[in-house]
Colleague: 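Take a look at the following structure, please.
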Amino acid sequence: MRRPIVAGNWKMHGTRADNARLVEELLAGLPDGAAAECLVCPPFVYLQEVGRLVRDTPIQLAAQDVCAEAQGAFTGEVSAAMLKDVGCGFVIVGHSERRWIYHESDQLVARKFAAAQAKSLVPILCVGEQLAEREAGRTEEVVGRQLDVVLELCGVAALRAAVIAYEPVWAIGTGRSATPEQAQVVHAFIRERIGMRDAKVADATRVLYGGSVKAGNAAELFARPDVDGGLIGGASLNAEEFLAILAACGSR
Ligand code: PGA
């Protein structure tokens, strides 16, 4: 059984006061025995403080990015060891905003994945095609390549301590989510691709869907057999919405 994950990617939003309010509302509404693991991903500068707010609660701390290098003269970067030091358990790597706005290559993303695991952080590897790629029928080629670069650098066993997020670029922040069927097709493809190397790892790896997930569409997306929860952007900034998305994973 794969335990679902619902992760809130706050991106570059919020203030200290907003964060405190959001965490307070989340903690107040979080049910006992939620089926899903609950993660929040605040901006770097707020990690330590949010980490303090969620310590000893069911909410886990994740970062939005990490440097591929371990330490040294890399102005502006934050290392995996630093993220671990302030209490992160997870880190997003290869978010499409990093790939497309900041030109991160598949190779750099794979190195970030390895850097995170070297410090026992669980990478949440984002993969996904752009609209033109989907329209050209290239979704599987693109997603397969993004995945393979990581598998070749780190080996399939590395996925035992990782999470994948399928995030079609055209669905992120657009209000236009993939349909549950579109998501399921790509999730199944991802699992098959991993399964070509190791069937057990493929079966155990959690594959989240991200891209305009809301309270209104979460349940039907999460009901698909290969969708193991979600990576939530905009809707994670509203406690009521985020809690409803979490509830869409059911209870246990
Ligand atoms: P969105 O973002 O939910 O606002 O579409 C998802 C993401 O970028 O992780």
Side-chain angles (χ1 to χ4, degrees), residues 4-14 18-19 22 26 36-44 46-47 50 59-66 88-104 109 112-113 116 121-131 133-134 139 142-143 146-147 150 162-180 182-183 186-187 190 206-222 224 227-249:
I5 294 179
V6 173
N9 175 10
W10 294 357
K11 307 194 181 183
M12 197 171 71
H13 292 290
D18 294 335
N19 301 340
L22 181 54
L26 290 177
E37 286 187 63
C38 175
L39 273 58
V40 293
C41 317
F44 284 139
Y46 298 130
L47 280 171
V50 173
I59 300 179
Q60 302 181 72
L61 191 66
Q64 298 176 15
D65 190 22
V66 65
C88 289
F90 297 76
V91 58
I92 297 171
V93 298
H95 190 279
S96 65
E97 286 149 19
R98 302 294 325 166
R99 291 181 189 265
W100 302 116
I101 304 173
Y102 297 101
H103 310 293
E104 292 191 6
V109 171
K112 290 184 172 200
F113 182 105
L121 288 169
V122 176
I124 302 171
L125 170 68
C126 298
V127 296
E129 81 289 0
Q130 302 197 75
L131 185 59
E133 293 166 333
R134 169 164 285 262
T139 299
V142 171
V143 170
Q146 291 171 339
L147 199 56
V150 172
V163 174
I164 294 174
Y166 168 57
E167 298 208 308
V169 182
W170 46 272
I172 295 179
T174 58
R176 180 185 164 194
S177 165
T179 64
Q182 284 174 323
V186 182
H187 283 232
I190 290 170
R206 289 174 292 182
V207 185
L208 316 184
Y209 169 78
S212 298
V213 179
K214 299 180 196 64
N217 61 12
E220 52 175 6
L221 284 159
F222 299 165
R224 305 315 301 240
V227 179
D228 307 311
L231 180 54
I232 321 299
S236 72
L237 298 170
N238 177 304
E240 205 181 322
E241 274 277 316
F242 191 65
L243 288 167
I245 293 168
L246 202 65
C249 287

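In each ligand, atom 1 is the first atom listed, and ligand 1 is the first ligand listed.
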Colleague: Is there a side-chain contact between K112 and E104 (heavy atoms, below 4.5 Å)?
Modeller: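 Yes. Closest side-chain heavy atoms under 4.5 Å.
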Colleague: Below 4.0 angstrom, N of the basic side chain to O of the carboxylate: do E167 and R99 qualify?
Modeller: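 Answer for the salt bridge query: no.
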Colleague: With sequence neighbours left out, what residues match Q64 under side-chain hydrogen bond (donor to acceptor under 3.5 Å, both in side chains)?
Modeller: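 Counting only residues at least two positions away or on another chain, Q64 forms no side-chain hydrogen bond (donor to acceptor under 3.5 Å, both in side chains).
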Colleague: Identify, with sequence neighbours excluded, every residue that meets ring-ring contact (aromatic ring centres under 6.0 Å, His included) alongside Y166.
Modeller: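 For Y166 the ring-ring contact (aromatic ring centres under 6.0 Å, His included) partners, ignoring immediate neighbours, are H187.
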Colleague: Return the protein residues near ligand 1 (heavy atom under 4.0 Å from any of its atoms), ordered by chain and residue number.
Modeller: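 Within 4.0 Å of ligand 1, the protein residues are N9, K11, H95, E167, A171, I172, G173, G211, S212, L231, I232, G233, G234.
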Colleague: Among V66, L231, L125, exactly one meets side chain to side chain contact (heavy atoms under 4.5 Å, CB included) together with I92. Which residue is that?
Modeller: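 The option that passes is L231.
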Colleague: How would you list, by chain and number, every residue that makes a side-chain hydrogen bond (donor to acceptor under 3.5 Å, both in side chains) with K214, sequence neighbours excluded?
Modeller: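 K214: no side-chain hydrogen bond (donor to acceptor under 3.5 Å, both in side chains) contacts found.
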